[in-house]
Amino acid sequence: MEVGKKIRDLRENKKMSVYRLTQITGISGNHIRGIEEGTRQPTVETLQRITAALGSSLAEIFSDDMECCYLSQSEKRLIENFRILSKEKADALLIISDALQ
């Protein structure tokens, strides 16, 4: 499967719009659409930003096995939620997490 199609599938499975992905990654919507359509070739840095925003990894994007995953769905959800928090809230969440150990 093509990298762009995998990115689109991941984004759609997360019910995330291209606009929302641009907000999280800082990558233009035209560039993301081009990657998904296969008309643009992303750099490794761009792919890392996109996969991180989607709670995925480069390994998952380049794997032929769509079930390739190193994190559980709950772990992915925690990471996704953490990434959209303000610095203050993220710091508070880390303190709570440390206290729960």
Side-chain angles (χ1 to χ4, degrees):
M1 181 182 286
E2 298 173 16
V3 170
K5 176 151 177 27
K6 283 189 179 184
I7 290 171
R8 179 184 295 131
D9 289 347
L10 279 170
R11 181 180 57 74
E12 290 175 348
N13 286 339
K14 302 260 183 218
K15 299 186 182 348
M16 184 184 293
S17 67
V18 170
Y19 177 73
R20 180 68 181 132
L21 188 56
T22 66
Q23 290 179 312
I24 297 169
T25 62
I27 300 166
S28 78
N30 286 336
H31 192 60
I32 291 171
R33 281 190 219 55
I35 292 167
E36 289 183 353
E37 293 167 0
T39 59
R40 293 189 180 210
Q41 296 300 316
T43 64
V44 172
E45 178 190 349
T46 297
L47 282 177
Q48 287 174 326
R49 287 166 52 192
I50 291 171
T51 56
L54 295 171
S56 185
S57 67
L58 291 176
E60 187 173 355
I61 294 296
F62 287 107
S63 173
D64 287 334
D65 179 9
M66 287 303 289
E67 297 301 317
C68 173
C69 182
Y70 300 106
L71 300 174
S72 71
Q73 289 301 325
S74 296
E75 290 168 327
K76 285 183 179 183
R77 219 170 107 216
L78 283 170
I79 292 168
E80 290 170 12
N81 290 341
F82 181 82
R83 287 183 177 146
I84 61 174
L85 295 174
S86 67
K87 178 167 178 16
E88 294 79 24
K89 288 182 179 180
D91 290 344
L93 183 58
L94 288 172
I95 291 168
I96 293 168
S97 175
D98 288 342
L100 291 173
Q101 288 187 8

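Residue numbers count from 1 along this sequence.
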Report yes if the side chains of Ser74 and Arg77 come closer than 4.5 Å at any heavy-atom pair, otherwise no.
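Of all side-chain heavy-atom pairs linking Arg77 with Ser74, none is under 4.5 Å.
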Close side-chain approach of Lys76 and Ile79, heavy atoms under 4.5 Å:
no
Verify the cluster assignment for [X] and [Y]: are they in a single hydrophobic cluster under the rule of side-chain heavy atoms below 4.5 Å apart?
| X | Y | result |
| --- | --- | --- |
| Phe62 | Ile7 | yes |
| Ile32 | Val44 | yes |
| Leu58 | Ile35 | yes |
| Leu78 | Leu10 | no |

Under 3.5 Å donor-acceptor pairs involving side-chain atoms of residues 47-54, not counting sequence neighbours:
residue	atom	partner	partner atom	Å
Arg49	NE	Thr25	O	3.1
Arg49	NH2	Thr25	O	2.6
Thr51	OG1	Leu47	O	2.9
Thr51	OG1	Gln48	O	3.2

To the nearest 0.5 Å, what is the distance between [atom1] on [X] and [atom2] on [Y]?
| X | Y | atom1 | atom2 | answer |
| --- | --- | --- | --- | --- |
| Arg20 | Ser17 | CZ | OG | 8.0 Å |
| Arg40 | Ser28 | CZ | OG | 6.0 Å |
| Glu80 | Ile24 | CD | CD1 | 8.5 Å |
| Leu21 | Arg33 | CG | CZ | 10.5 Å |
| Asn13 | Ser56 | CG | OG | 10.5 Å |

State plainly whether the residues Lys5 and Glu12 are in salt-bridge range, i.e. N to O under 4.0 Å.
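So Lys5 does not pair with Glu12 through a salt bridge.
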Glu37 with Arg8: basic N within carboxylate O range, under 4.0 Å:
no
As a test of understanding, state which of Thr46, Thr22, Val18 forms a side chain to side chain contact (heavy atoms under 4.5 Å, CB included) with Ile27.
Thr46
Quick one, Gln101 with Asp98, criterion side-chain contact (heavy atoms from CB on, under 4.5 Å). Give me CA distance, side-chain angles, the key distance, then yes/no.
CA-CA 5 Å; Gln101 288 187 8; Asp98 288 342; 4.1 Å; yes
Kindly check if the number of other-residue, nucleotide or ligand heavy atoms within 6.0 Å of CD (Gln41) is above 12?
no
